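Data first, discussion second: the structure below is written as structure tokens.
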Amino acid sequence: MTARPELPKTYDPDIVEPRLYERWLESGVFHEEPDPARPPFIISMPPPNITGPAHLGHGSTYTPMDVLTRYHRMLGENADWIPGQDHAAIATEAVLVRELAKEGLTRDGLGREKYLEHAWEWRRLYGGAINQSFRRLGFGPDWDRERFTLDPGLSAAVIKVFVDLYRDGLIYRGTRLVNWDPASQSTLSDAEVEDEERDTFMWHIRYRAEDGGDGLVIATTRPETYLADVAVAVHPDDERYRHLVGKNVVLPIVDRAIPVIADAAVEPEFGTGAVKVTPAHDQTDYEIGQRHDLPMPTVIDFDARIAAPLWRYDEKPERRAPIDAQAPKMAKYAGLDRFEGRTLIVEDLRALGALVEERPYRTELPFSSRSHVVIEPLLSLQWFVRMQPLAQPALEAYRSGAIRFVPERFGRTYAAGLEKIRDWNISRQIWWGHQLPVWYTPSDEVIVAHDEEEAKRLARERFGSDELRRDPDTLDTWFSSGLWPFSILGWPEKTTELEHWYPNQVMITSRDIIFLWVSRMVMLGLRFVGKIPFETVFVTPLVFDMHGRKMSKSLGNAIDPMTELVPKYGADGTRFGILRQMRLESQELRFDERFCDEAKRFATKLWNALRYTCTLPEDLPSATALPPREKLTLADRWILSELRACVETVTRAYDGFEFGVAADALLQFGWYTFCDWYVEASKAEGQRETRAAVLSFVLNAFVRAMHPIAPFVTEEIWQTLPHDGATIVTASWPDIAEMPSFPDERAVFHTVIEKVEQLRHARSEWGIQPKESMRVEIPAALASERGVVEAIATLARAEISTYDGGEGSVRERILAVRAIADSAKLRERYLREIGRLESEVARSEKKLANDGFVAKASPEVVAAERAKLEEYRRELARVRAALDEL
RNA sequence: GGGCGGCUAGCUCAGUGGGAGAGCGCUACAUUGACACUGUAGAGGUCAGAAGUUCAAUCCUUCUGCCGCCCA
């Protein structure tokens, strides 16, 4: 006997969810220790940046992690979801600098030490915001294992990796073309560069031939860099320019001669087919420059101003070497901002007659995602990782099938990135991050060491002096996050966690960082642990607004789940609503809030099914006991079969990352099958003996299957029902083996539903009020099927009488059930039905008369069609007979 | 330029080589042993266009158009 608690009429997630979360935290259900006796299921949480609160993208990427961890925990596995945060180097520094400015402080004014004190204080105060969001969303990672990329342990891993790679010759210092953010005064990774479309111009400029000929016309969007042109490139097969290849053309205004070269990278159809080559300020040009061994003079400075005369790059301005004899002719541009310089140069070219054309042109420009200024590609002395030797094993891991992607096509994104990988610029000119373990002697000899002590020792050994200065730069944030799956397990220590939980089973992330992050984790994991970091990469869709636009603050279409969804729909509704919209093959999710609303109402619906179950006059049996098999009614057998099918679908869906399919199946079963049909059917007299036990059993199993997606309402329902154990979090996954299935009864009840829907149509058509019962007659041969008759009487709210007749299968006898009404109404209905059946029969006969169909379609399909035709014919005969009787 | 996804009811989306589906919205009725955050019924689609494969195409193939994403 279970206590009968007073249950409120509506379920209030605002009250229930925080209460349950606190209880889970207190009971430590999210914590696991490595247990080799059980299969591991480990997910490393992609560390969110400490700068921002949770946004909707976290909902689509992080909710599946929580779902899978909860699911595998219920399966009895050694499931752990390891959380943490990323210090987010440049992103955080940008926020910090902005915050400091509000207090009238600057980074450089404070100095490194004071600045970092501020940074850590800021991290302490605001860095936990996202964890609060995650808790409110019901996420249950193993908080005891939370890590931060700047933690001492993780920093030690970073230093070791840097030193090892350096000593293996995979990290080097060199002058290369990098993404320079003139506002942040730092290099940026490709990840932090965003291309955005802008209206600009395509300028056509004539470069005359040195020998006095017309030369050629180049097309460019960056005329100001022409000052540093070192060649003009054309396609080797381009007949228009073949006569010029090997000759010189002359740059207007500055009158410097440069060669015309042939390079296959030039697109003959684009622009004029002749491109200026400025190796120091453009990636493609840089590569052309390398291939043709061209000089690389620089003309744009680190503050994005024209730096004339041309100079050969050197990190120290005082050592810059002017290299252009024509310097005086460009002196007027010196010191101008790059865009002002562009305007003036275009004017001068126009005045000179060298400007052939100026046409409006829309193109993508690279913007810094942090400062929102246009990136300047330029040469700089920086630290790089040699990627080719790391990329090969990572590529092999994918090609051999050791790492698989879901959906599969994202494997191609991964492979394509690795195939054309470039050396990775890892040094950043900011202070918030891992400082390079690099020291320089007074004569600029490089010492790489784990700490200052070692550096000094090495310096003394090699140079006889330990006077050193440390490189002020810090590492790209992806350098530390690339170690994440093993650094959080304690590497380089040989921990139990590392032994049992590496590799992880699944990595879940979004596709924009497959190459940037996923591939780095694989490369570094293979290199330093000797094993892949995870077996499967599940790529979640990106979230867009309802009309397919990217969500962004500037567009005003961003939805903040914490202020706009959770308060309205609860964490359950938010999670369920998001997952419901996820489809495996779809690469975008157009977020529609209506799904969250539906999910919230679904929770209320289930809650009320619980209230119904708990207020029945019968007792609820303990836990999950079912009545003896022979007592189970038709409706019981049907709902148990449906439950089993639902659990099978949901299990398959979770295993295959089909979260939308799982959510659909749960909603369909819970609302339609269970509430609309079984609960209604259970109100029949003949259900009294078994219904309490069946309702309780079905609800209990159902909420367990739904728990990973909607953890709170399912816990609340489970706790109210008879149950085993302390919390649904550690309850077992519903076991198919314990769920009886009755295929025959399932089919019979389907027919009952079909018939009841017909009767309801008739009721509606004839204007019979819902509270009135309608008169229905059943064939005498059906009277013995008590479960069927009672179900029809209850579900159609019908008053049953019998008529003579009705042979055949149960299904046919059910279909022979008919409503009673005055003859005019019935005649109309029968005639319409006859018309429909006649057209069905005609369609089916025509199909079967087609020799091609009978000969070539599969035998099952033909047999099914014949069976259908037979049924239509018998149905038609039955309705005609009923009409004749009138 | 290379690669990829989508186009199905007013909206957002499922779906299948063999009779077009859901939710929301809309219309009508209803307070029936939990639920109005409900129930029942209804209206509403030549499945973007064209060609091909097939006995059969919304589904497979190709082309076209439009929307969007990623990489260069």
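Lettering of chains follows the sequences in order, A, B, ..., and the numbering in each one begins at 1. Keep in mind that what you see is a predicted model, and the values were worked out from it rather than measured.
Under the salt bridge (charged side-chain N to carboxylate O under 4.0 Å, His left out) criterion, Glu642(A) pairs with Arg746(A), sequence neighbours left out. Contacts of Phe702(A) classified as ring-ring contact (aromatic ring centres under 6.0 Å, His included), with partners at least two apart in sequence or in another chain: Phe669(A).
Look at the C1' atom in both C47(B) and U58(B): the space between them is 4 Å, to the nearest Å. Spacing of P atoms, U46(B) relative to G21(B), comes out at 15 Å, to the nearest Å. For the C1' atoms, the distance from G44(B) to A9(B) is 6 Å, rounded to whole Å. For C13(B) and G68(B), the P atoms lie 14 Å apart once the distance is rounded to whole Å. Here, G10(B) and U62(B) have their C1' atoms 33 Å apart, quoted to the whole Å. Going from the P atom of C11(B) to that of C4(B) covers 29 Å, rounded to whole Å. Spacing between G18(B) and A56(B) at atom C1', rounded to whole Å, works out to 7 Å. A gap of 11 Å separates the C1' atoms of G49(B) and C66(B), to the nearest Å.
Across the protein-nucleic acid pair, Phe405(A) atom CZ and C4(B) atom C1' stand 15 Å apart, rounded to whole Å. One interatomic measurement links the two molecules: CG of Asn608(A) to C1' of U32(B), which rounds to 15 Å at whole-angstrom precision. The distance from atom CZ of Arg409(A) to atom C1' of C71(B) is 15 Å, rounded to the nearest whole Å. The CG atom of Asp545(A) sits 13 Å away from the C1' atom of C11(B) (whole-angstrom rounding). Rounded to a whole Å, the CG atom of Asp676(A) is 16 Å from the P atom of C37(B). Rounded to a whole Å, the CD atom of Glu408(A) is 14 Å from the C1' atom of C4(B). Taking atom CD on Glu585(A) and atom P on C59(B), their separation rounds to 18 Å, with Å as the unit. The NE2 atom of His235(A) sits 15 Å away from the P atom of G1(B) (whole-angstrom rounding).
Counting atom types as modelled, Arg601(A) pairs no side-chain N or O with a base atom of C37(B) as donor and acceptor under 3.5 Å. The base of A34(B) sits within donor-acceptor range of the side chain of Lys683(A), with an N or O pair under 3.5 Å. The base of A34(B) is paired with the side chain of Glu680(A) by a donor and an acceptor separated by under 3.5 Å. The base of C35(B) is not paired with the side chain of Lys9(A) by any donor and acceptor separated by under 3.5 Å.
If you check every strand for non-hydrogen atoms under 4.0 Å, Val661(A) touches nothing. Arg594(A) comes within 4.0 angstrom of a nucleotide base, judged by non-hydrogen atoms across all strands. Residue Arg691(A) is classed as a base contact, given a heavy-atom separation below 4.0 Å to a base. Residue contacts shown for Arg583(A) are limited to sugar-phosphate atoms, with no base heavy atom under 4.0 Å away. Note on Ser764(A): only backbone sugar-phosphate atoms sit closer than 4.0 angstrom, heavy atoms only; bases stay farther off. Within 4.0 Å (heavy atoms only), Asp512(A) reaches no atom of the nucleic acid at all. Here Arg688(A) lies in heavy-atom contact (under 4.0 Å) with a base. When heavy atoms are screened at a 4.0 angstrom cut-off, Arg763(A) is found touching no nucleic acid atom at all.
Applying the Watson-Crick and G-U wobble criteria (two distances, each under 3.5 Å), G17(B) pairs with nothing in any strand. Using Watson-Crick or G-U wobble geometry with both donor-acceptor distances under 3.5 Å, G1(B) finds its partner in C71(B). Across all strands shown, C26(B) forms a Watson-Crick or G-U wobble pair, both distances under 3.5 Å, with G42(B). Pair assignment for C47(B): none, as no Watson-Crick or G-U wobble contacts are both less than 3.5 Å. Figure legend. G52(B) is base-paired to C60(B); pairs are counted as Watson-Crick or G-U wobble with both atom distances under 3.5 Å.
Between U40(B), A34(B), U12(B), one nucleotide has an atom nearer to the side chain of Arg611(A) than all others, and that is A34(B). For Arg511(A), the listed nucleotide lying nearest its side chain is C69(B); candidates were C35(B), C69(B), G33(B). Nearest nucleotide to the Glu598(A) side chain, out of G23(B), U31(B), C4(B): G23(B). Of all nucleotides listed (C11(B), U32(B), G33(B)), G33(B) comes nearest to the side chain of Tyr612(A). Considering only the side chain of Asn850(A), C55(B) comes nearest among C37(B), A34(B), C55(B).
No salt bridge links Asp545(A) with Arg590(A); every basic N to acidic carboxylate O contact stays at or beyond 4.0 Å. Contact check on Arg873(A) versus Glu870(A) returns a salt bridge, with a Lys/Arg side-chain nitrogen under 4.0 Å from an Asp/Glu carboxylate oxygen. A salt bridge links Arg583(A) to Asp664(A): one of the charged nitrogens lies within less than 4.0 Å of a carboxylate oxygen. Contact check on Arg832(A) versus Glu765(A) returns a salt bridge, with a Lys/Arg side-chain nitrogen under 4.0 Å from an Asp/Glu carboxylate oxygen. A salt bridge links Arg399(A) and Glu419(A); the closest N-O separation between the charged side-chain nitrogens and carboxylate oxygens is under 4.0 Å.
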Self-check item: Evaluation steps, salt bridge (charged side-chain N to carboxylate O under 4.0 Å, His left out), between Arg763(A) and Glu772(A)
Solution: CA-CA 10 Å; Arg763(A) 172 192 280 277; Glu772(A) 293 176 51; over 6 Å; no

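Ranked by how close their nearest RNA chain B nucleotide is to the 5' end, Phe602(A) and Lys420(A) are led by Phe602(A). Across the interface with RNA chain B, nearest-nucleotide mapping of Trp671(A) and Gln581(A) shows Gln581(A) to be the residue nearer the 5′ end.
Side-chain nitrogen and oxygen atoms of His761(A) include at least one within less than 4.0 Å of the OP1 or OP2 phosphate oxygen of G42(B). For Lys605(A) and G39(B), the shortest distance from a side-chain N or O to OP1 or OP2 is below 4.0 Å.
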With the criterion being N/O to N/O and under 3.5 Å, what pairs connect the protein with nucleotides 16-18 of chain B, and how long is each?
none

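A donor atom on one side chain and an acceptor atom on the other are not found under 3.5 Å apart for Thr63(A) and Arg575(A). There is a side-chain donor-acceptor pair under 3.5 Å between Thr540(A) and Thr61(A).
In plain terms, the two heavy atoms of Leu848(A) and Val854(A) that are nearest each other are O-CG2, 3.2 Å.
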